[in-house]
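Everything below concerns the one structure shown next.
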Amino acid sequence: MSAIHIIVFLPLLAAIIAGLGNKQLGNVPAKVVTTGALFISCALSWPIFLSFLSGHAEAHVSPVLHWVTSGNLDFAWALRVDTLTAVMLVVITSVSALVHLYSWGYMSDEPDQPRFFAYLSLFTFAMLMLVTADNLVQMFFGWEGVGLASYLLIGFWFRKPSANAAAMKAFVVNRVGDLGFMMGIFGTFLVFGTVSIPAILEAAPGMAGSTVGFLGHRFDTMTVLCLLLFIGAMGKSAQLGLHTWLPDAMEGPTPVSALIHAATMVTAGVFMVCRLSPMFETSPTALGFVTFIGAATCFFAATIGTTQTDIKRVIAYSTCSQLGYMFFAAGVGAYGAAMFHLFTHAFFKALLFLGAGSVIHAMHHEQDMRYYGGLRKHIPITFWAMTAGTLAITGVGIVDVVGFAGFYSKDAILEAAFARGTELSHFAFFMGIFAALLTSFYSWRLVFLTFFGKPRWEQSEHIQHAVHDAHGHDDHGHEGHGHAHHGHDDHGHHGHHSDGTAGYHPHESPAVMLTPLVILSIGAIFAGLVFNHAFVSEGTGEFWKGSLVFSEHLIHAMHQVPHWVKWAPFTVMATGLLIAWYAYIKNTKFPAALVDQFGFLYRFLLNKWYFDELYHFIFVRPALWLGRVFWKVGDIGIIDRFGPNGAAWVVAKGSRAAVKLQSGYLYSYALVMLIGLTLAISWVIAQ
């Protein structure tokens with residue numbers, strides 16, 4: 001058994017042990033098994049990645065078993081290991097291992113821990129299956145596996161109606177995207193006669209210019225296939241139109257948010273587009289669509305992030321926006337830059353989510369930033385970790401000198417968009433620049449509202465309940481999911497203070513939660529500097545070894561862009577920081593005045609462009625109406641009326657008629673016998 005087999009299947013084994021053992025196994029053994037398995041997978045993944053980084057490794061395929069033979073459809077279950085896979089392996093296993101470790105502290109009061117850790121490991125296995133796929137069916141297996149596991153994780157607190165609704169929403173919206181993905185796979189097999197990814201990518205250039213029948217018309221073959229496949233990516237990676245599930249997924253535990261939205265499930269679409277980049281390169285129309293959707297999502301999500309007050313939802317919309325960057329990078333042909341941003345984003349977004357979890361943990365599961373303030377003195381390690389993450393996501397750095405992780409990857413994407421030179425790529429560039437301004441504003445807004453200013457804790461019902469409970473009253477629910485803490489909780493010290501803190505004194509998270517923050521902080525600071533050369537700037541694509549399309553011409557053009565293009569991201573980052581500082585530190589009345597002046601725009605953004613209301617009107621209400629019609633008219637009015645209810649009515653009427661005949665009097669029976677005998681004799685005579 002090779003290292004790749006252990007990396008992929010060890011999390012599955014751990015999930016089975018923890019899931020089937022459950023409470024009989026116990027909390028600690030389940031956590032040890034699952035977390036240990038992920039750290040082993042992580043330890044084995046980094047040498048593979050580093051060997052590709054050093055140029056000593058070559059792509060190879062490790063067979064598992066022969067899977068399907070049916071007519072022309074013949075494929076095995078095999079694990080492909082190349083540079084693209086190696087990048088995803090370290091991202092998935094590193095973040096997942098740290099999330100497992102972090103969950104030891106965050107979920108310490110959860111009575112159902114084995115089930116939670118089993119779900120985490122199952123999710124990781126499914127994601128590993130997706131990125132090691134050697135054929136489209138195997139990729140679809142992992143694709144659906146992460147969908148299932150995300151449904152289980154988002155709805156982990158199943159006693160909480162909002163968590164159930166969010167899990168169902170994620171499942172349904174992803175089914176819409178997955179229908180497109182399935183049709184793309186079917187169409188690809190129809191056109192190429194195989195589902196083998198290497199065979200398809202080799203034959204793809206030869207299909208350029210051909211047409212195929214679809215929906216009664218003839219269309220460009222590769223455009224149809226790529227657009228169908230990209231619809232799947234839009235669902236999984238929460239792009240504009242199929243994005244509505246992502247912010248609601250915050251109903252799951254915070255470690256789930258870090259795992260799903262930082263490095264794994266939501267990046268599956270980006271990975272798929274990069275893996276199939278030779279297919280997309282044959283269709284300029286498909287690439288243009290990818291560019292437009294990515295740029296529009298980048299802008300759209302950033303605008304919403306500026307008004308949200310829930311700390312996790314701000315970071316969720318940030319994820320949506322950053323995924324837009326990755327997609328328009330792929331759309332303009334900068335697949336290496338897209339993967340580079342995926343790589344760096346994994347570190348700083350996981351850091352921000354886990355940091356937010358540490359804040360929520362300290363603030364007794366209060367998630368509204370309006371009730372924070374002044375926390376930097378109470379939770380300093382969390383403060384510095386989230387500051388590092390914010391410096392990374394806002395792209396702080398000095399051109400041609402040094403910067404944080406996001407500085408290298410985001411700037412590479414923006415320069416590539418400008419260097420491509422098309423109208424759509426320039427549209428993406430300016431959308432990306434404006435989104436960078438908004439990203440800087442809402443990211444620093446989060447930091448200032450949370451860690452600076454005067455404490456506003458006394459306004460929080462959660463904190464009031466914490467103080468109330470600490471004086472001998474009833475226990476409270478853990479993040480609203482219906483389970484009680486054990487007596488006097490360990491999320492803060494209670495007492496009477498004169499600083500307006502409602503008698504509540506938050507304190508730093510335990511070491512098991514802070515350790516992942518420190519490790520991820522290192523990645524957020526140095527990942528861009530260390531790996532920039534290999535992913536993008538070397539200009540030859542030697543690192544990728546053909547695992548995705550790499551344009552040396554585009555890299556050369558990126559180096560030739562005007563200086564204002566290089567400095568634009570820094571300028572808007574600094575502008576966003578200054579606006580946030582002025583609004584939330586210098587003049588705290590400014591935001592309220594702005595809301596009063598632009599009330600309609602504020603409500604429009606606060607209500608997320610009314611996408612949920614629009615979908616409710618277009619899809620949900622007609623579906624409910626149709627359901628009522630089938631229920632009232634079809635089921636009750638027709639099926640029940642003429643089926644079981646009708647049969648019962650006939651039997652009842654017949655029984656009442658039979659009762660009249662069965663009178664019990666002898667002369668009645670004699671009359672019936674006489675009539676019957678008369679009829680029988682008459683029939684014989686008539687013959």
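As a basis for the values below, the full set of heavy atoms in this structure was taken, side chains included, without hydrogen atoms, waters or symmetry mates. On a predicted model such as this, the values are computed, not experimentally measured, just so you know.
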More than 12 heavy atoms from other groups under 6.0 Å of [atom1] on [X]:
X: Phe219; atom1: CZ; value: yes
X: Trp67; atom1: CH2; value: yes
X: Tyr151; atom1: OH; value: no
X: Arg218; atom1: CZ; value: yes

Next on the checklist: Measuring centre to centre across the rings, with the benzene-like ring taken for any Trp, is Phe186 within less than 6.0 Å of Phe181?
Outcome noted: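 Judged by ring-centre distance (under 6.0 Å), Phe186 and Phe181 do not meet the cut-off.
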
Item to check | Close aromatic pair by centroid cut-off 6.0 Å: Phe171 and Trp245 | outcome: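 No.
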
Item to check | side-chain contact (heavy atoms from CB on, under 4.5 Å) involving Glu613 - partner list, sequence neighbours excluded | outcome: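 If we apply the side-chain contact (heavy atoms from CB on, under 4.5 Å) test to Glu613, skipping adjacent residues, the hits are Asn607, Tyr610.
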
Item to check | Results of side-chain contact (heavy atoms from CB on, under 4.5 Å) for Ser682 - residues two or more places apart only | outcome: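 Counting only residues at least two positions away or on another chain, Ser682 forms a side-chain contact (heavy atoms from CB on, under 4.5 Å) with Thr678.
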
Next on the checklist: What I'd like to find out is whether the side chain of Phe327 reaches to under 4.5 Å of the side chain of Val273, using heavy atoms alone.
Outcome noted: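 Yes, close enough: below the 4.5 Å cut-off.
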
Checklist entry - Looking at Ile17 and Leu25, what are the two nearest heavy atoms and their distance? => result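 Scanning both residues, the minimum pair turns out to be O-CD2, 3.8 Å.
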
Next on the checklist: Between Gln138 and Trp143, is the side-chain hydrogen bond (donor to acceptor under 3.5 Å, both in side chains) condition met? List the steps.
Outcome noted: CA-CA 8 Å; Gln138 187 178 329; Trp143 194 271; over 6 Å; no

Checklist entry - So Lys236 and Asp178, side-chain contact (heavy atoms from CB on, under 4.5 Å) or not? Walk me through it. => result CA-CA 8 Å; Lys236 198 65 70 185; Asp178 292 351; 3.9 Å; yes

Students often mix this up, so state it plainly: with edges at 30° and 60°, are the rings of [X] and [Y] parallel, tilted or perpendicular?
X: Phe117; Y: Trp104; value: perpendicular
X: Phe604; Y: Phe600; value: parallel
X: Phe619; Y: Tyr615; value: perpendicular

Item to check | Any residue meeting salt bridge (charged side-chain N to carboxylate O under 4.0 Å, His left out) with Asp612, in chain and number order, not counting sequence neighbours | outcome: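 Asp612 satisfies salt bridge (charged side-chain N to carboxylate O under 4.0 Å, His left out) with Lys169, Lys608 only.
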
Next on the checklist: Less than 3.5 Å apart, any donor N or O on the side chain of Thr69 or Asp74 sitting next to an acceptor on the other?
Outcome noted: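 Indeed, the side chains of Thr69 and Asp74 share at least one donor-acceptor pair under 3.5 Å.
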
